[in-house]
Amino acid sequence: MTNPTLLILAGDGIGPEVMGQVTRIIDWYGKNRDLAFDVEHDLVGGAAYDKHGTPLHDDTMAKALAADAVLLGAVGGPKYDDLDFSVKPERGLLRLRKEMDLFSNLRPAQCFDALADFSSLKKDIVAGLDIMIVRELTSGVYFGEPRGIFEEGNERVGINTQRYTESEIDRVARSAFELARRRSGKVCSMEKANVMESGILWREVVQKVRDTDYPDIELTHMYADNGAMQLVRAPKQFDVIVTDNLFGDILSDCAAMLTGSLGMLPSASLGAPNPDGRPKALYEPVHGSAPDIAGQGKANPIACILSFAMALRYSFDQGDEATRLENAVEKVLADGARTADLMGPEDGTPISTTEMGDAILAALDASL
Ligand code: NAD
């Protein structure tokens, strides 16, 4: 049996720091759980631009397409702000998403009990929250044509086009239903079918996929504006939410903030299944390269570590091992371990990135 392959693209700023802790955890699984990966490291973003003059070398793209999963840290930083748009660090990430055809973006919003006080909402509204937003990532208004700024009469007009084909809606709906089968079996689909034709089609296709192939799933529909209200009023009513690119962009950020710090938020982007049944997949923390704290050992590695837990669950069918890792994170937080982003100014001394990694590894050891 060959080991599954992981391509690690640590990127810029705090990317290499947080990914360093993930690498230790990957080694732990190889030593302790008979779960070894063939890991390769490469460059993305500003780091790739510095070496190759491009934010993603063709060889790296080829490796990403061949790997069983890609783990990415973060890209960008002030050093690259004045670069031409075509070689900006973020273009490397966009190229990965596009060429791997990662159409389904999974953004969990999970509130660990120990951090419930950290939310801007009341503790009882968020404690125990565990929802998943599935955002369509490769179509919709961010990509639709025509787009641009045009002359019209004696003024200019800015145009973007919301466009979804039935097959684009179908595949992201399936992705949400498959996910729901591993969770509570409940999906809420959000659009604006009251005012948008693309929303009417979205609702029809999602319902048809459910009726045809997922009759076990409890499907509800909600207008996205009401969805935004419900997310901050009573988020625990949801389990899986599926929505388009634009609404998903906004709703997933809104849901994420229910849980406190950016340093806690993982994500997965999945594409069509390979011949072996595994989807093409990229896992990355939601946060950026945090130039304000880069190189200081202050970054919280948990978002990146939880992204690896998602890889265990969604790429490698290791749900139990993913839960082991999530439980280790939960235990460490319950025991009071905090990086600076999880503390107020009066809350004592924070621990470093490496110390957070140490604590999580100790909790993994204790789980054996
Ligand atoms: P950011 O997410 O990098 O940082 C926002 C704030 O959150 C900062 O104060 C930062 O210190 C803090 N923060 C973020 N992650 C943290 C962590 N793990 N631990 C502790 N604190 C953390 O967003 P930004 O400042 O708007 O962007 C900085 C750079 O990152 C820009 O170049 C931007 O383009 C890029 N960016 C990249 C990605 C990505 O790689 N996916 C995402 C967002 C932003």
Side-chain angles (χ1 to χ4, degrees), residues 8-22 25 42-50 55-56 60 64 70-98 100 102 105-107 112 115 118 120 135 137 142 248-250 252-253 256-257 259-269 281-308 310 329 332-333 337-345 347 350-357 359-360:
I8 294 190
L9 304 173
D12 307 319
I14 62 168
E17 297 171 55
V18 294
M19 197 60 86
Q21 302 314 308
V22 175
I25 286 168
D42 210 334
L43 303 173
V44 69
Y49 177 81
D50 287 341
L56 190 76
T60 315
V70 180
L71 299 182
L72 188 133
V75 295
K79 182 178 164 192
Y80 307 105
D81 280 353
D82 295 331
L83 287 182
D84 186 71
F85 186 70
S86 63
V87 288
K88 275 196 183 296
E90 291 74 10
R91 302 302 299 174
L93 182 50
L94 292 177
R95 182 174 175 201
L96 280 166
R97 286 181 182 156
K98 183 161 187 279
M100 293 170 76
L102 303 172
N105 181 220
L106 276 46
R107 292 273 302 263
F112 292 98
L115 297 182
F118 221 76
S120 54
R135 165 188 172 193
L137 200 59
Y142 294 159
D249 192 4
I250 297 165
S252 62
D253 271 10
M257 277 301 104
T259 68
S261 168
L262 255 181
M264 295 292 300
L265 298 168
S267 78
S269 300
L282 177 110
Y283 298 88
E284 57 179 324
V286 168
H287 62 70
S289 58
D292 53 334
I293 57 165
Q296 300 173 36
K298 287 183 182 169
N300 182 352
I302 291 179
C304 203
I305 289 170
L306 292 176
S307 301
F308 174 61
M310 292 185 84
V329 169
V332 161
L333 294 170
R338 299 281 187 276
T339 41
D341 56 307
L342 302 177
M343 300 178 85
D347 292 344
I351 63 172
S352 69
T353 310
T354 309
E355 285 167 331
M356 183 58 95
I360 293 169

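Sequential numbering from 1 along the given sequence is applied to the chain's residues. In what follows, every heavy atom counts, from backbone to side chain, and hydrogens, waters and symmetry copies are set aside. Since we're looking at a predicted model, the values are computed, not measured. Counting convention: from 1, in listed order, for ligands and their atoms alike.
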Item to check | Ligand-residue contact atoms, ligand 1 with Gly76, heavy atoms, under 4.0 Å | outcome: 32 (O)

Item to check | ligand 1 versus Pro291: contacting region, heavy-atom distance under 4.0 Å | outcome: side chain

Next on the checklist: I'd like to check whether Ala290 has a polar contact with ligand 1, where a contact means an N/O of the residue lying under 3.5 Å from an N/O of the ligand.
Outcome noted: yes

Checklist entry - Within a distance of under 4.0 Å, is there any protein heavy atom near atom 41 (N) of ligand 1? => result yes

Item to check | Approximate separation, where rounding is to 0.5 Å, of Leu93 CG and Leu9 CG | outcome: 9.5 Å

Item to check | Polar contact flag for Ala299 and ligand 1 (N/O pairs, less than 3.5 Å) | outcome: no

Item to check | For atom 20 (C) of ligand 1, the option (of Asp341, Asp81, Val44) bearing the nearest heavy atom | outcome: Asp341

Checklist entry - What do the steps show when you test Leu265 against Met257 for side-chain contact (heavy atoms from CB on, under 4.5 Å), and what is the final call? => result CA-CA 9 Å; Leu265 298 168; Met257 277 301 104; 4.2 Å; yes

Item to check | Euclidean distance, Ile25 CD1 relative to Ile305 CD1, rounded to 0.5 Å | outcome: 3.5 Å

Checklist entry - Hey, is Val75 touching ligand 1 through its side chain, its backbone, both or neither, going by heavy atoms under 4.0 Å? => result both

Checklist entry - Does ligand 1 have a heavy atom under 4.0 Å from the side chain of Glu90, from its backbone, from both, or from neither? => result side chain

Checklist entry - Between Lys298 and Asp341, does at least one N-O distance fall below 4.0 Å, as a salt bridge requires? => result no

Checklist outcome for this item: Separation between CD1 (Ile302) and OG1 (Thr339), nearest 0.5 Å, reads 6.0 Å

Checklist outcome for this item: The closest protein heavy-atom partner of atom 9 (O) of ligand 1 is Asp292 OD2, 2.8 Å

Next on the checklist: Set out, in order, the CA-CA distance, both residues' side-chain angles and the distance that settles side-chain contact (heavy atoms from CB on, under 4.5 Å) for Arg135 and Leu106, then state yes or no.
Outcome noted: CA-CA 7 Å; Arg135 165 188 172 193; Leu106 276 46; over 6 Å; no

Checklist outcome for this item: Under 4.0 Å between heavy atoms, the region of Ile293 that gets near ligand 1 turns out to be side chain

Checklist outcome for this item: Ranked by distance from atom 29 (C) of ligand 1, the top protein heavy atom is Ser289 OG, 3.3 Å

Item to check | Proximity of Leu93 to ligand 1 by residue part, where a heavy atom lies under 4.0 Å | outcome: side chain

Next on the checklist: Counting only heavy atoms from other residues, nucleotides and ligands, does the tally under 6.0 Å from CG of Asp81 exceed 12?
Outcome noted: yes

Checklist entry - What protein heavy atom sits nearest atom 2 (O) of ligand 1, and how far off is it? => result Gly288 N, 2.7 Å

Checklist outcome for this item: Atoms of ligand 1 under 4.0 Å from any heavy atom of Ala74, numbered from 1 in the order shown, are 40 (O)

Checklist entry - Do Ser252 side-chain atoms and Gly248 backbone N/O form a donor-acceptor pair below 3.5 Å? => result yes

Checklist entry - Can you list the atoms of ligand 1 that are under 4.0 Å from a heavy atom of Ile14? => result 15 (N), 16 (C), 17 (C), 18 (N)

Item to check | Atom of Thr60, atom of Leu43 and distance for their closest heavy-atom approach | outcome: CG2-O, 3.7 Å

Checklist entry - Do you see a protein non-hydrogen atom under 4.0 Å from atom 26 (O) of ligand 1? => result no

Checklist entry - Under 3.5 Å, side chain of Ser307 to main-chain N/O of Tyr283, donor-acceptor pair present? => result no

Item to check | His287 and Ile14: CA distance, side-chain angles, deciding distance, side-chain contact (heavy atoms from CB on, under 4.5 Å) verdict | outcome: CA-CA 10 Å; His287 62 70; Ile14 62 168; 3.5 Å; yes

Checklist outcome for this item: Short version for Leu72: what comes under 4.0 Å of ligand 1, heavy atoms counted, is neither

Checklist entry - Any idea which atoms of ligand 1 are less than 4.0 Å away from a heavy-atom of Gly77? => result 32 (O)

Next on the checklist: Using a 4.0 Å cut-off to any heavy atom of Glu284, which atoms of ligand 1 qualify?
Outcome noted: 41 (N)

Checklist entry - Where is the nearest protein heavy atom to atom 18 (N) of ligand 1: which residue, which atom, and how far? => result Asn300 O, 3.0 Å

Checklist entry - So, the side chain of Ser267 versus the backbone of Glu284: is there a donor-acceptor pair under 3.5 Å, distance only? => result yes

Item to check | Derivation of the side-chain contact (heavy atoms from CB on, under 4.5 Å) call for Asn300 and Met264 | outcome: CA-CA 7 Å; Asn300 182 352; Met264 295 292 300; 3.7 Å; yes

Next on the checklist: Among all the protein's non-hydrogen atoms, which is closest to atom 14 (C) of ligand 1, and how far away is it?
Outcome noted: His287 CB, 3.6 Å

Checklist entry - Going by the order shown, which atoms of ligand 1 are within less than 4.0 Å of some heavy atom of Gly263? => result 17 (C), 18 (N)

Checklist entry - For Val286, is at least one N or O under 3.5 Å away from an N or O on ligand 1? => result no

Checklist entry - Can you tell me if Tyr80 and Asp12 form a side-chain donor-acceptor pair at under 3.5 Å? => result no

Checklist entry - Considering only protein heavy atoms, which is closest to atom 6 (C) of ligand 1, and at what distance to one decimal place? => result Leu262 CD1, 4.2 Å

